[in-house]
Amino acid sequence: MLGEPVVYRPMTHDQLRAAAIPDAEALGNMFQFFTQAADSFVGNRDLNLIRTLNPRLQPLEDWLLTHRPQLQAAL
């Protein structure tokens with residue numbers, strides 16, 4: 001999308017909690033919840049209702065294309 005190579009390096013939840021970044025423990029806990037409760041966390045969402053509440057909602061790919069100049073400028 002941005003013409004930059006990206007390498008995916010997955011981390012475990014424990015590795016994230018131990019990372020030297022602000023709120024690492026909270027982030028690790030949050031992503032662990034997202035992983036363990038994926039069915040109820042994501043499955044219970046009504047996307048039609050969400051789009052009614054926020055008609056500007058876009059898929060990530062569309063948002064990235066729209067904001068490409070700003071994202072490239074930040075590199």
Side-chain angles (χ1 to χ4, degrees):
M1 295 236 114
L2 296 174
E4 296 289 326
V6 174
V7 177
Y8 175 63
R9 294 187 181 108
M11 298 174 76
T12 67
H13 302 118
D14 288 333
Q15 288 172 323
L16 181 54
R17 281 188 277 269
I21 59 173
D23 298 318
E25 185 174 357
L27 287 169
N29 292 341
M30 177 181 70
F31 285 115
Q32 184 170 359
F33 171 77
F34 291 166
T35 301
Q36 292 177 342
D39 291 341
S40 61
F41 179 72
V42 177
N44 290 336
R45 293 183 183 194
D46 181 344
L47 289 179
N48 290 326
L49 174 60
I50 293 170
R51 288 188 176 100
T52 300
L53 296 171
N54 182 2
R56 296 179 357 194
L57 183 66
Q58 300 176 327
L60 178 59
E61 184 174 322
D62 293 348
W63 186 90
L64 288 171
L65 288 171
T66 300
H67 294 88
R68 185 178 193 163
Q70 297 94 323
L71 294 167
Q72 287 177 319
L75 296 177

Peer 1: What's the separation between atom CG in Leu71 and atom CD in Glu4, rounded to the nearest 0.5 Å?
Peer 2: 11.0 Å
Peer 1: Scan for side chain to side chain donor-acceptor pair (under 3.5 Å) pairs involving residues 46-57, sequence neighbours excluded, and state none if there are none.
Peer 2: none
Peer 1: What pairs meet the side chain to side chain donor-acceptor pair (under 3.5 Å) rule with one or both residues in residues 18-43, with sequence neighbours excluded?
Peer 2: His13-Thr35, Arg17-Asn29, Arg17-Gln32
Peer 1: If you take all heavy atoms of Ala24 and Ala19, which pair is closest and at what distance?
Peer 2: CB-O, 3.3 Å
Peer 1: Are Trp63 and Ile50 connected in a single hydrophobic cluster, I mean Ile/Leu/Val/Met/Phe/Trp/Tyr linked by side-chain heavy atoms less than 4.5 Å apart?
Peer 2: no
Peer 1: Run the ring pair (Phe, Tyr, Trp, His ring centres under 6.0 Å) test against Phe34 and tell me which residues pass, sequence neighbours left out.
Peer 2: Phe31, Phe41
